[in-house]
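All remarks here apply to the structure that follows.
In this chain, residues are counted from 1 in sequence order. The figures that follow rest on heavy atoms only: side chains count, while hydrogens, waters and symmetry mates do not.
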Amino acid sequence: MERSALVYIILTAVTVILGLCVDNRDYVPGQIRGGRVYGEGPCQRQQARNRIAAAAIYVLLTGVSACRIAVGNDYWVYRDNFKLIAQERHVASEFGFNYIVKWIQGLFGYDEYIPVFAFFSIVTVFFFVKALYDQGSRFAFSVYLLMTGGYYFNSLNSVRYYLALAMALFSMKYVLRGEYGKFFLVILGGAMFHKSVLLVIPVYLAARFLAAAPLKKWHYGAGCFLLATLIFGQDIYREIIFRFYPFYRDSVFDNGQLSYANILKCAGVLALCLICYRQSLKEDLANRFYFFLNVFGLTVYCCGSFIPEVSRVGYYMIISQIFLIPRILGGVRNKPWRNFLTAGVIGAFGAYFVLLLKGMYAVDIRLLPYLDWIFH
């Protein structure tokens, strides 16, 4: 790896260190339950420290994202699309995205693409950090998983999709609260930029239902039926998908490959959940909700290889790992055993991060070398 990879490594280290300054364990339960629990009365010292550290993380992540230039395999493709949008020509992207692009170019001028990328960086990172702050009871650990799991760095590619993913992550708290109106509004807002996010409406609601209900035989029967449809009804699913995304048919994304890395991540997380089932999962609604999302993700990755860009579909479900893993491990009462499992997770995601960095030089990813418009 060459020198610019240090930008990503240092950014990860600094944001995790800043995350250690955040102690929001008393804040997160109130956010998940709903209502005004945190923030009433005068601001305490720890609250101020939390906000300053979270704001610093937001500024750093936004800065690296907004200042990039020629980073990502689709960077110049987006630039070409920006010009087509300004010319009012047809572009196969959602109307919300097209409107924002046209509005920004109206402010800054034709082919001023850097402000457009900067705007979407500002908004995407906001939803990521806000979701972590509201739902990550072990904030630094969640930041570490967000960074080493590749979710933040991959957001330097696929601008529209990762904005929708960040909004889906943010919306999970509304599902847990049962505030479904707010949930629908957030997801519909995300669909203005990438309509694939509409998938999370039935998926998140199903996970919430299963998390709250004692499982009965008919639940398992329904699960087996849905699994059978993924195996034997692939042609039907493909026709539905291609009605929304006809350009994916027979494209390079329609390759039927299995995502072994994501299958291993899901299997490892679910194994961890089973190990910690009695202490952390059995009675905790939020943990069970995140658990079922990972069950759905594993199912999609194992049986949904016929779906173009299946990794993106699965990300809507397995990104909940950044909340689930810290919560599961935090509930382990045996301290040596908890430390052992935590070290194992940190090591596994650290190794994945190293492999991710090496793969960033590939021509179909091109997240490295990192270039910015300030010094280049």
Side-chain angles (χ1 to χ4, degrees), residues 19 22-41 43 46-47 50-51 54 58 123-139 141-143 145-146 151 163-193 196-215 219 269 273 280-297 315-331:
V22 176
D23 182 2
N24 60 342
R25 288 172 293 181
D26 296 331
Y27 171 58
V28 170
Q31 283 297 305
I32 290 178
R33 288 194 308 269
R36 296 190 63 182
V37 176
Y38 179 80
E40 296 179 350
C43 180
Q46 184 59 54
Q47 295 172 3
N50 290 349
R51 294 169 185 174
Y58 172 72
V123 178
T124 300
V125 175
F126 169 80
F127 281 110
F128 272 138
V129 175
K130 180 60 174 170
L132 290 176
Y133 194 76
D134 289 348
Q135 300 174 66
S137 55
R138 299 175 72 187
F139 185 82
F141 203 169
S142 292
V143 171
L145 297 177
L146 178 79
Y151 301 110
L163 172 55
L165 179 65
M167 295 178 73
L169 184 71
F170 172 79
S171 75
M172 289 180 185
K173 68 179 183 181
Y174 295 128
V175 180
L176 289 169
R177 292 180 188 177
E179 296 178 352
Y180 300 118
K182 293 180 181 179
F183 167 62
F184 291 139
L185 286 175
V186 173
I187 297 306
L188 291 175
M192 293 169 60
F193 302 96
S196 66
V197 76
L198 294 172
L199 170 71
V200 310
I201 292 178
V203 170
Y204 287 8
L205 293 180
R208 175 65 169 78
F209 171 76
L210 292 173
L215 296 182
H219 293 134
V269 170
C273 289
S280 303
L281 191 67
K282 187 176 181 181
E283 303 296 336
D284 192 297
L285 175 66
N287 287 355
R288 287 170 62 82
F289 171 71
Y290 301 138
F291 168 80
F292 280 111
L293 287 181
N294 277 270
V295 171
F296 296 162
Y315 272 8
Y316 284 125
M317 305 163 207
I318 70 168
I319 195 173
S320 61
Q321 291 174 359
I322 67 177
F323 303 139
L324 175 62
I325 295 173
R327 291 175 63 93
I328 287 289
L329 293 176

V197 and A168: which non-hydrogen atoms are nearest, and at how many Å?
-> CG2-CB, 4.0 Å
I would like to know whether L198 and L188 meet side-chain contact (heavy atoms from CB on, under 4.5 Å); could you show each step before the answer?
-> CA-CA 7 Å; L198 294 172; L188 291 175; 4.0 Å; yes
With sequence neighbours excluded, residues passing side-chain hydrogen bond (donor to acceptor under 3.5 Å, both in side chains) with Y316 | S196
Please lay out, stage by stage, how L132 and V22 fare under the test side-chain contact (heavy atoms from CB on, under 4.5 Å).
-> CA-CA 11 Å; L132 290 176; V22 176; over 6 Å; no
Can you sort out the partners of R327 under salt bridge (Lys or Arg N to Asp or Glu O under 4.0 Å), two or more places apart, ordered by chain and number?
-> D284
Donor-acceptor pair, side chain of S137 and main chain of R25, under 3.5 angstrom | no
At their closest point, which heavy atom of L329 faces which heavy atom of F141, and how far apart are they?
-> CD1-CE1, 3.7 Å
Looking only at atom types and distance, does a side-chain atom of Q31 sit under 3.5 Å from a main-chain N or O of Y133, one as donor and one as acceptor?
-> no
Taking all non-hydrogen atoms of both residues into account, name the closest pair between M172 and S320 and its distance.
-> CE-CB, 3.9 Å
When the ring planes of F184 and Y180 are compared, do they come out parallel, tilted or perpendicular, using 30° and 60° as the limits?
-> tilted
Geometric class of the F126/Y58 ring pair [parallel <30°, tilted 30-60°, perpendicular >60°] | perpendicular
Chi angles and distances behind the side-chain contact (heavy atoms from CB on, under 4.5 Å) call for N287, F291 = CA-CA 6 Å; N287 287 355; F291 168 80; over 6 Å; no
Start with the C-alpha gap between F296 and L210, add the side-chain angles, then the distance that decides, and say whether side-chain contact (heavy atoms from CB on, under 4.5 Å) holds.
-> CA-CA 12 Å; F296 296 162; L210 292 173; 3.8 Å; yes
Please report the shortest heavy-atom distance between R208 and V175, naming the atom on each side.
-> NE-O, 3.0 Å
Set of residues satisfying side-chain hydrogen bond (donor to acceptor under 3.5 Å, both in side chains) with respect to N24, sequence neighbours excluded | none
Of all heavy-atom pairs linking P326 and S142, the shortest is CG-OG, 3.7 Å
